[in-house]
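Below is one structure, written out as structure tokens, with a few remarks after it.
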Amino acid sequence: MITLTINGLDVTVEKGTTVLEAAKFLGFPIPTLCHMEGLTPYGACRLCVVEIGAGSAAKLVTSCTYPAEPGLKVRTASARVVRARKMILELLLASCPQSKTIQDLASKHEVTQQRFRQEHEDCILCGRCVHMCEEQMMAKAIGFRGRGQNRSIGTPFDVPSEVCRQCGGCMYVCPACSLRCTYTEPQKAICGGCANLSPPCLEKDPFNDMMCYMDPCVACEIKKP
Amino acid sequence: MDDQTVEKIVAEHQGSLGGMLSILSEVQEKYGYLPQDALRRVAVATGVSLADIYGVATFYRAYSLKPRGKHLVSACLGTACHVRGAPRIADELCRHLGIQPGETTADNEFTLETVNCLGGCALGPIVVVDGRCYSNVQKGKVAEILRRTRAGLGEPRAEHGFPLTIRCPHCRQSLMDPAHPIEGVPSIQLTVCWNGSRQTLHLSSLHGRQQVSGGPEIPAGSIVGLACPLCRRDLTDDAICPECGADLARVRVEEGATLTICTRRGCRGGRLDLDIPGVEAADRPSQE
């Protein structure tokens, strides 16, 4: 058993517990985006940052991947953490302004505008779909490709994968683009972005093979600047 | 791709951690790029998912999923090359080849790519064609480089090493002997004094090669005297080899350096010291 201190409260957890789990046990809210129970922690979205250590040695770490250590001092809502979280939300908002999940998170953290170049319906590369496909669906049909600003998620060679069973799990877990495929039922769409456009995927014949919910997604046909 | 090439490559690397990079490198060496079919075979043979392999193959710049041309032209756009006008060189290459970086010419002769640093910053702007490095490239030289490459003259003259032009530090005459080329470049002519006799020896002028022809049969490990064949003055001074402690002979390199050669047969203790303006090295030969 390991005893650590979160926001001044001591908590004893089992070895291997993450800081995020320990904080949740105490009831301290930490926003998460890429984290999902049942999937390997990945630490991609950085939203769950907390501050550990003291003085000049203090640093920000992602609580979803940081294992609890004996005597660890964690602050989940220090000024530095809040500042970092707001910045991360602004960046996420710039990448994917249509996401209801991100909009909700932003308003909850009092981020009402963002200062970066606006992109439209861009994948935030949180990797949830990749892990879902691999760990829960045992398919590994999609993965990360490229690197840096060319990093994207999709099937190898951009062709329909033979191991994909079209289970839709990737769409289901996507925190950013879960609205992408509601174009067939525009009345259900929250953003309504695609209701004003003709669904482009339907015009292309075998729709089942399009995998249009993945990159390059044309679901909403909003041109990137 | 009907043979078992891919399977053989995979079998060689099975079990080694990080084998994927080696496997992909070898597959690329075999085909010149990574064909889709080959990657699918690698996936089957290694048991790694195709999505992961594709991720690795697209992550590294060294791998290409598109067929490459016969000649690979890499223009350095690193910081040092950039400030010396590398973007203009890259534009010139694009103009001459009629392609953009990352593309291959229609006749499948050239693939042009830009790289971010080749580590030869002092020589910039650098263009590397088929492993052969062209330094201080100017706009006007681009056409000539491509012409030479197309004509097959750009083949690397040696696997490693670049040719040096050597002068005697005393009489300042050239020691290059075009009549005795070693590995296609004029050799360095030296007089070797051993066992009381003086004979002429030819040394490869490719830096880092150490190939010798002519001269007496000298057992490895014995120390010889080296002299200028023209002014007959001894080339050694009081410097000693850091490797074996024997005397070092010094010659001037016209490009602006001093080359030291160990007088012990078989010792590789010699080195190339670049002249650095403003720094008067104490152990440099006296300039007479």
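Throughout, protein chains are lettered first and strands after them, A, B, ... in sequence-line order, and every chain is numbered starting at 1. In what follows, every heavy atom counts, from backbone to side chain, and hydrogens, waters and symmetry copies are set aside.
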Side chain, backbone, both or neither of Leu39(B) within contact of chain A (heavy atoms, under 4.5 Å) = side chain
Proximal to chain B - members of residues 128-141 of chain A, heavy-atom separation under 4.5 Å | Lys140(A), Ala141(A)
Excluding sequence neighbours, so at least two apart, what forms side chain to side chain contact (heavy atoms under 4.5 Å, CB included) with Glu21(A)?
-> Thr17(A), Thr18(A)
Quick note, ring pair (Phe, Tyr, Trp, His ring centres under 6.0 Å) partners involving residues 132-154 of chain A, not counting sequence neighbours, are Tyr42(A)-Phe144(A)
Side chain, backbone, both or neither: which part of Arg61(B) has an atom under 4.5 Å from a heavy atom of chain A?
-> both
Answer yes or no: does atom CZ of Arg147(A) have more than 12 heavy-atom neighbours from other residues, nucleotides or ligands under 6.0 Å?
-> yes
Taken in chain and number order and not counting sequence neighbours, the residues that satisfy ring-ring contact (aromatic ring centres under 6.0 Å, His included) with Phe157(A) are Tyr54(B)
Neighbour count above 12 (heavy atom, 6.0 Å) for Lys141(B) NZ | yes
Determine whether more than 12 heavy atoms belonging to other residues, nucleotides or ligands lie under 6.0 Å from atom CZ of Phe116(A).
-> yes
Would one find more than 12 heavy atoms of other residues, nucleotides or ligands at under 6.0 Å from atom NE2 of His82(B)?
-> no
